[in-house]
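See below for the structure under consideration.
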Amino acid sequence: MEQTSKGWGSGLLGVIIFSGSLPATRVAIGGFEPVFLTSARAVIAALIGAVLLLALRQKRPAPSDLRPLAVVALGVVVGFPLLTALALQRVTSAHSIVFIGLLPLATATFGVLRGGERPRPAFWLFSIVGGLSVAGFALTRGGAGSLVGDLLMIAAVIACGLGYAEGAVLSRRLGGWQVICWALVLASPVMAILAVATLPLSWSGIGAPAWLGLAYVSVFSMLVGFVFWYRGLALGGIAKVGQLQLLQPFFGLTLAGLLLHEPVAPVMVAVTAVTVLCVAGAKRFA
């Protein structure tokens, strides 16, 4: 029980950190192209991760771990950052954030497939209700969205769910922060080439907000958040702790409203209440 509680606490901290990712990305793409932003954040995080791995003398992953690490890298180092950056060129951060509420379903599904977890039927009921409430909220955003943007967000959610589940399984052997660090290091050669190939033609027009956005997604979204998130998934279970992602849209919407001055609909309060109840129910029956 104590281990599970620690898992939920660590997972919640990770969710809070991740909640700033899409608002920060929205700001960053005001100065950087999506491919450069995706590759640059990965390279910066990989350098920090490599220093941590060397300084703390972490053992190298076994050859059998390389394939799962590649899946993690494709999902959370490349797929999710790139797809969300492309989506945010078409939709507001407030609109895109709500799709993150669908992540628990993706994470839990891949957790069952990859982690061997078998949650009770009531768990799936609460997950589906929570996911549908978030999806319904997204669909009522009116002109704030676009079909292409929505499809990109759905693809991003699938990629992220796979990366989360695969990383959680690996973290039981390698450790939470070690998984994301090794995934970043594994992807760094390709991401470095992409970063150089897509360098901005001019740096003079890039404002401070874009640089701050790049810094946040590089250090917190790409590294620090995963340290807490993978630890939480490993201690508390992928399907169980994964339900905390249902809270992420509402943390993110708050940030979008406060920092980006994007409108937040009053219906958010009602959807938040339903979502919190779903998280509590999923935790009980997982």
Side-chain angles (χ1 to χ4, degrees), residues 12-38 40-41 44 80-103 130 133-157 160 200 202-225 244-276 279:
L12 180 60
L13 187 54
V15 165
I16 292 173
I17 293 172
F18 288 146
S19 297
S21 297
L22 292 182
T25 300
R26 174 74 172 180
V27 172
I29 61 173
F32 303 105
E33 290 297 320
V35 175
F36 174 77
L37 176 63
T38 301
R41 66 188 277 182
I44 294 170
F80 183 78
L82 178 59
L83 291 168
T84 53
L86 291 170
L88 284 166
Q89 290 184 317
R90 297 166 173 83
V91 299
T92 66
S93 62
H95 182 86
S96 64
I97 285 167
V98 181
F99 282 86
I100 303 303
L102 300 176
L103 260 176
S133 67
V134 172
F137 179 76
L139 292 174
T140 59
R141 297 294 292 176
S146 75
L147 177 60
V148 175
D150 290 350
L151 291 176
L152 285 168
M153 284 305 305
I154 291 173
V157 165
C160 194
S202 174
W203 302 93
S204 59
I206 303 174
W211 286 108
L212 289 174
L214 174 60
Y216 187 92
V217 296
S218 300
V219 178
F220 291 96
S221 302
M222 202 79 263
L223 186 60
V224 177
L244 287 171
Q245 293 165 114
L246 284 168
L247 300 177
Q248 185 173 332
F250 308 105
F251 292 143
L253 281 169
T254 301
L255 292 174
L258 292 176
L259 300 180
L260 304 184
H261 307 294
E262 294 183 350
V264 177
V267 71
M268 169 184 159
V269 178
V271 181
T272 301
V274 173
T275 303
V276 170
V279 172

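Only heavy atoms go into these numbers, but all of them, side chains included; no hydrogens, no water, no symmetry mates.
Contact of the I206 side chain with the P200 side chain is registered, since non-hydrogen atoms from C-beta on lie closer than 4.5 Å.
Expressed to the nearest 0.5 Å, how far CG of L83 lies from CG of L151 amounts to 11.0 Å. Atom-to-atom distance recorded for R41:CZ and L223:CG is 11.5 Å, nearest 0.5 angstrom. Once rounded to the nearest 0.5 Å, the distance linking CG of L214 with CD1 of I44 reads 4.5 Å. Considering CD1 of I154 and CG of D150, their distance stands at 6.5 Å, rounded to 0.5 Å.
Residues S93 and S96 come closest through the heavy atom pair O-OG, 3.0 Å.
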Evaluate the side-chain contact (heavy atoms from CB on, under 4.5 Å) criterion for residues T84 and M153: first the C-alpha distance (whole Å), next the side-chain angles of each, then the deciding distance (0.1 Å), finally the verdict. CA-CA 6 Å; T84 53; M153 284 305 305; 4.0 Å; yes
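Listed by chain and number, the residues in a side-chain hydrogen bond (donor to acceptor under 3.5 Å, both in side chains) with T38 amount to none (sequence neighbours excluded).
Residue pairs meeting the side chain to side chain donor-acceptor pair (under 3.5 Å) criterion with at least one member in residues 207-219, sequence neighbours excluded, do not occur.
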Show me, pair by pair, the donor-acceptor contacts under 3.5 angstrom made by side chains of residues 17-36, not counting sequence neighbours?
| unit_1 | atom_1 | unit_2 | atom_2 | d |
| --- | --- | --- | --- | --- |
| S19 | OG | V15 | O | 2.7 |
| S21 | OG | F18 | O | 3.0 |
| S21 | OG | S221 | OG | 2.6 |
| T25 | OG1 | S21 | O | 2.8 |
| R26 | NH1 | L88 | O | 2.5 |
| R26 | NH1 | V91 | O | 2.8 |

